[in-house]
Amino acid sequence: MMSDHSASPTRPSTRPSARRAWLASALVAGLLGMTMLAACDKVSAPTPKAAAAPKFNAVDITGAEYARKLDLTDFDDKPRTLADFKGKVVFVFFGFTQCPDVCPTTMAELAEVRRRLGADGNRVQGVFVTVDPERDKASVLKAYLQGMDPTFVGLRGSLDQTEAVAREFKVFYQKVPTKNGGYTMDHTAGAFIFDTDGQVRLFARYGMKVEELAADIKQLLALPAVSK
C-alpha cells in the first residue's frame, strides 16, 4: 500500500494542510498567468495609424532642396524675402508684364482662388517675380499686378539678381527676338506654392483648374504650423 508521500505530483494530497498549500500555489500561478496575459495584450495592441499625408493636384515637391531663398525688391522699393510672408500660403510665379497669355491668366486665376476661399483668401499671398526687369520697371509692375488683385506683390532685381533667383528656383527663361526688332521672353510656366511655415510644397503647372488649385491651397492652410 502506497503512503501519502508517494501521491502523484499532478494531484493534491488528501491531507488538509497539503491541500491548502496546493490551492494557494494554484491561485498565485493563476494570478501570474492573468497578469502576463494582460501585459501581453498591452504590448501587442496595435498603435494608432498616422494621419494620411495630404494628396494634392499639383506636383508635390515637399522637401526640395531648391526654391528656398527669395531676396529681391518689390515695386515700392522695399526689400523682400520669403520670411515676410510667413503665416500665409505663398504663390510665387516667374513671368513678365508683356506676356500675352500665360502670365495674366495665371495671376487672374490666383485672384479667383482667393475670392473663392472667402476669409481664408486673406491668408494667400500672390508674388510675381519678373524675368524681364529691363522693361518691367517698378511702376509698370505695380500697375500690372494691382489691376488684378491689390494684394499681389511684384518683385524685381538687377539682371544678375534675376539670374541668381531663377537658378535658386530652377526656373528657365530667355529672350526671344521678334520680327519687329524687339523681343519676348520664354520662361517656365508654373508656380511654386509655399506652406505657412515658408517651406516649398507644390509646383503648380500652367493649366490647372481653378477648383484644383483652390483645393490644394485649402489643404495647405489647414495644416498645423510647425514653427512659431
Side-chain angles (χ1 to χ4, degrees), residues 58-59 61-111 113-114 124-195 197-208 213:
V59 181
I61 57 172
T62 299
E65 295 188 2
Y66 56 91
R68 296 170 297 183
K69 290 176 57 180
L70 181 60
D71 189 356
L72 292 171
T73 303
D74 70 13
F75 45 54
D76 290 323
D77 294 323
K78 180 180 178 180
R80 293 283 197 164
T81 67
L82 286 170
D84 293 333
F85 310 113
K86 203 164 186 179
K88 294 183 177 183
V89 167
V90 183
F91 182 98
V92 178
F93 180 80
F94 288 75
F96 65 113
T97 63
Q98 294 191 38
C99 174
D101 41 35
V102 174
C103 303
T105 298
T106 298
M107 299 310 291
E109 287 176 345
L110 179 60
V113 167
R114 292 186 72 252
V124 179
Q125 179 63 60
V127 176
F128 184 97
V129 181
T130 180
V131 295
D132 187 17
E134 292 176 282
R135 294 184 296 190
D136 288 344
K137 305 303 182 184
S139 57
V140 173
L141 200 54
K142 187 171 186 175
Y144 175 78
L145 291 171
Q146 295 203 329
M148 300 180 190
D149 189 311
T151 70
F152 287 169
V153 171
L155 302 182
R156 62 186 304 276
S158 66
L159 292 176
D160 288 343
Q161 288 174 321
T162 303
E163 182 181 347
V165 170
R167 188 164 54 247
E168 168 64 22
F169 278 72
K170 298 186 181 296
V171 165
F172 165 83
Y173 72 98
Q174 70 176 11
K175 281 185 178 181
V176 179
T178 57
K179 293 179 180 180
N180 61 6
Y183 68 89
T184 185
M185 301 292 294
D186 277 352
H187 62 91
T188 298
F192 299 84
I193 305 178
F194 294 74
D195 63 22
D197 278 313
Q199 302 300 311
V200 68
R201 299 297 299 270
L202 304 174
F203 179 76
R205 295 191 180 98
Y206 175 67
M208 275 187 67
L213 182 58

So which atom in [X] and which in [Y] form the shortest heavy-atom distance, rounded to 0.1 Å?
X: L202; Y: A58; answer: CB-CB, 4.0 Å
X: V102; Y: A189; answer: CG1-CB, 3.8 Å
X: G126; Y: L110; answer: CA-CD2, 3.5 Å
X: D197; Y: K86; answer: O-CE, 3.6 Å
X: F93; Y: A191; answer: CD1-CB, 4.3 Å
X: G157; Y: L72; answer: CA-CD2, 3.9 Å

If only atom types and distance count, is the side chain of [X] paired as donor or acceptor with the main-chain N or O of [Y] below 3.5 Å?
X: D149; Y: A111; value: no
X: T188; Y: F172; value: yes
X: Q199; Y: A64; value: no

Open item on the list: Check for me whether the distance between the ring centres of F169 and Y66 falls short of 6.0 Å.
Closed with: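 Not under 6.0 Å, so no.
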
TODO: Determine whether the aromatic ring centres of Y144 and F128 lie less than 6.0 Å apart.
DONE: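 Ring centroids of Y144 and F128 are less than 6.0 Å from each other.
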
Are side-chain heavy atoms of [X] and [Y] found at a separation under 4.5 Å?
X: K142; Y: D76; answer: yes
X: F194; Y: Q125; answer: no
X: P133; Y: S158; answer: no
X: F75; Y: T130; answer: no
X: D132; Y: T97; answer: no
X: R135; Y: V140; answer: no

To the nearest 0.5 Å, tell me how far [X] [atom1] sits from [Y] [atom2].
X: F192; Y: F91; atom1: CZ; atom2: CZ; result: 11.0 Å
X: L82; Y: L70; atom1: CG; atom2: CG; result: 5.0 Å
X: R114; Y: M148; atom1: CZ; atom2: CE; result: 14.0 Å
X: T73; Y: R156; atom1: OG1; atom2: CZ; result: 8.5 Å
X: T184; Y: K175; atom1: OG1; atom2: NZ; result: 11.5 Å
X: C99; Y: D101; atom1: SG; atom2: CG; result: 5.0 Å

- [ ] If a pair satisfies side-chain hydrogen bond (donor to acceptor under 3.5 Å, both in side chains) and one of its residues is in residues 162-173, list it, with sequence neighbours excluded.
- [x]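 Passing the test, one end in residues 162-173: no pairs.
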
TODO: Could you tell me which residues satisfy ring pair (Phe, Tyr, Trp, His ring centres under 6.0 Å) with F96, sequence neighbours excluded, listed by chain and number?
DONE: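 Testing F96 for ring pair (Phe, Tyr, Trp, His ring centres under 6.0 Å), a comparison that skips the adjacent residues, returns H187.
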
Task: CZ/R205: more than 12 non-hydrogen atoms of other groups inside 6.0 Å - done: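 No, CZ of R205 has 12 or fewer neighbouring heavy atoms, counting only those of other groups under 6.0 Å.
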
TODO: Assess whether atom CD of Q174 is packed by more than 12 heavy atoms of other residues, nucleotides or ligands within 6.0 Å.
DONE: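 Correct, the count exceeds 12.
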
- [ ] Using the side chain to side chain contact (heavy atoms under 4.5 Å, CB included) rule, take L213 and I193 through it: C-alpha gap first, then chi angles, then the decisive distance, then the call.
- [x] CA-CA 10 Å; L213 182 58; I193 305 178; 3.7 Å; yes

